[in-house]
There are 2 protein chains.
Amino acid sequence: MTEEIILKREMIQRFGDAYKAFGLNKLMGNVVALLLFSHQPLSLDELCSELGRSKGPVSQIVRRLRDRKLIRKVWDTENSRKDYYEIEPEIFENAFLNNFSLIKNNTKIAGMLKKKADTSDHQHIEIVQKRLLEMEAFYMLMEKHFSNFLNEWELKSREYR
Amino acid sequence: MTEEIILKREMIQRFGDAYKAFGLNKLMGNVVALLLFSHQPLSLDELCSELGRSKGPVSQIVRRLRDRKLIRKVWDTENSRKDYYEIEPEIFENAFLNNFSLIKNNTKIAGMLKKKADTSDHQHIEIVQKRLLEMEAFYMLMEKHFSNFLNEWELKSREYR
DNA sequence: TTTAGCGTTTTAAATTTTTGAAACGATAAA
DNA sequence: TTTATCGTTTCAAAAATTTAAAACGCTAAA
């Protein structure tokens, strides 16, 4: 029992750091880790007390996590009118897809700017065009492989559900 | 000419935002964009005046970008003893690799925790083990596809160099 | 040597982000 | 209705980050 709690604490730490490293709120990672390693859905109050935070920020973070489809609300028909939260089964691919859309945005920007650059008649712009061409190619190839990954994961993930 | 400057300004903005979205310093993105779309290497002073920033932060950011192998120093043997900076030719794959190492870390963590969980004799830990197993599988598959991507890009990038 | 021209580091101010307390609003039970 | 129990929003405080100014140290030229 103690061992499991230590493990959970470590995960809460690490997920917090990882989320921060990716430009997200640390608390988002904490909540995700807590739910990932809980045996049943948790209420907002339980999240608060487990993490030692007050309701305000946890409520906001829970919303952001739901927006990103990383956690979801479940209803405990027996008990009270509390909301309970659990991990979205597709959390990993959804988290990945959130970043994927950022990547796709880069491809789009590169393409757009390349088009703009093409219509410009300035000679010096060559280098810029070349750079944008490479950038677009890079992100397009990336997208292709990311799609492959997601497709393969869709098959493989069945083993775990 | 004006058009090119507008383009450059837009890129500086967008790269700043993108870098921030990935948890990095906005100024890092600004510097990268500026160098990506300059026709020759720039000195620290030029970076400062182009971006309207003072030397202190730019100097620090330049160091971080060099650490990450996104830009590099070149020497202008003719002029002065100023340092000049330009984009590292492999900037895109290097930027990607920086994040890749974060991903690899996730795989490692998942594996490590799974091992810890395996040695635990508590029954309730099953769910945790299952989650960690899935997480590890997810990141391992991701790594595989990322490697594929990098290999293919290594070939394709030759067209642009 | 001394001096001038660099880049770096430090420090303090400004800004942004995170956080908690409390007010607020909604809904279900009494 | 009224009351109690939630979740959400607001706002001010705290913490973290970003930034600029200036001091500093190094190196090359005089």
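Order of the sequence lines sets the chain letters (A, B, ...), proteins ahead of strands, with each chain counted from 1. Treat the numbers as computed from the prediction; the structure is a model and nothing was measured.
- Atom P of nucleotide dA22(C) and atom CD of Q60(A) are separated by 17 Å, given to the nearest angstrom.
- Atom CH2 in W75(A) sits roughly 13 Å away from atom P in dG7(D) (whole-Å rounding).
- Between D83(A) atom CG and dA26(C) atom P there is a gap of 16 Å when expressed in whole angstrom units.
- Taking atom NZ on K73(A) and atom C1' on dT8(D), their separation rounds to 11 Å, with Å as the unit.
- Protein atom NZ of K82(A) is 18 Å distant from nucleotide atom P of dT27(C), rounded to whole Å.
- Using a 4.0 Å cut-off between charged side-chain N and carboxylate O, E50(A) and R9(A) make a salt bridge.
- A donor-acceptor pair is defined here as one N or O able to donate and one able to accept, closer than 3.5 Å; such a pair exists between the side chain of S38(A) and the backbone of L34(A).
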Item to check | From CA spacing to verdict: side-chain contact (heavy atoms from CB on, under 4.5 Å), K69(B), L97(B) | outcome: CA-CA 10 Å; K69(B) 306 260 180 253; L97(B) 282 167; over 6 Å; no

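- Here dA4(D) is the nucleotide among dA4(D), dT9(C), dT19(C) with the atom lying nearest to any side-chain atom of R81(A).
- Listed in residue order, the members of residues 40-55 of chain B having a heavy atom less than 4.0 Å from DNA chain C are L44(B), K55(B).
- Distances shorter than 4.0 Å separate some side-chain N or O of R63(A) from OP1 or OP2 on dT9(D).
- Rounded to whole angstrom, the span from the CE atom of M28(B) across to the C1' atom of dT17(D) amounts to 14 Å.
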Checklist entry - Going through the distances and angles, do F96(A) and F149(A) end up as a ring pair (Phe, Tyr, Trp, His ring centres under 6.0 Å)? => result CA-CA 10 Å; F96(A) 184 82; F149(A) 163 56; 5.1 Å; yes

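- The residue K20(A) sits close only to the backbone: its heavy atoms come under 4.0 Å of sugar-phosphate atoms, none of a base.
- The distance from atom CZ of R66(A) to atom OH of Y85(A), rounded to the nearest 0.5 Å, is 5.0 Å.
- Between K26(A) atom NZ and dT18(C) atom P the separation is 11 Å, expressed in whole Å.
- The distance between atom CZ of R64(A) and atom P of dT8(D), rounded to the nearest whole Å, is 15 Å.
- Considering L44(B), D45(B), L42(B) as possible partners of K82(B), the one that fulfils the side chain to side chain contact (heavy atoms under 4.5 Å, CB included) test is D45(B).
- Evaluation of the side-chain hydrogen bond (donor to acceptor under 3.5 Å, both in side chains) test over residues 139-157 of chain B, restricted to residues two or more places apart or in two chains, returns K144(A)-E152(B), H145(A)-E152(B), E152(A)-K144(B), E152(A)-H145(B), E93(B)-W153(B), N106(B)-Y139(B), T107(B)-E143(B).
- Listed nucleotides: dT9(C), dT19(D), dG7(D). Nearest to the side chain of N25(B): dT19(D).
- Between dT19(D), dT9(D), dT10(C), one nucleotide has an atom nearer to the side chain of L27(B) than all others, and that is dT19(D).
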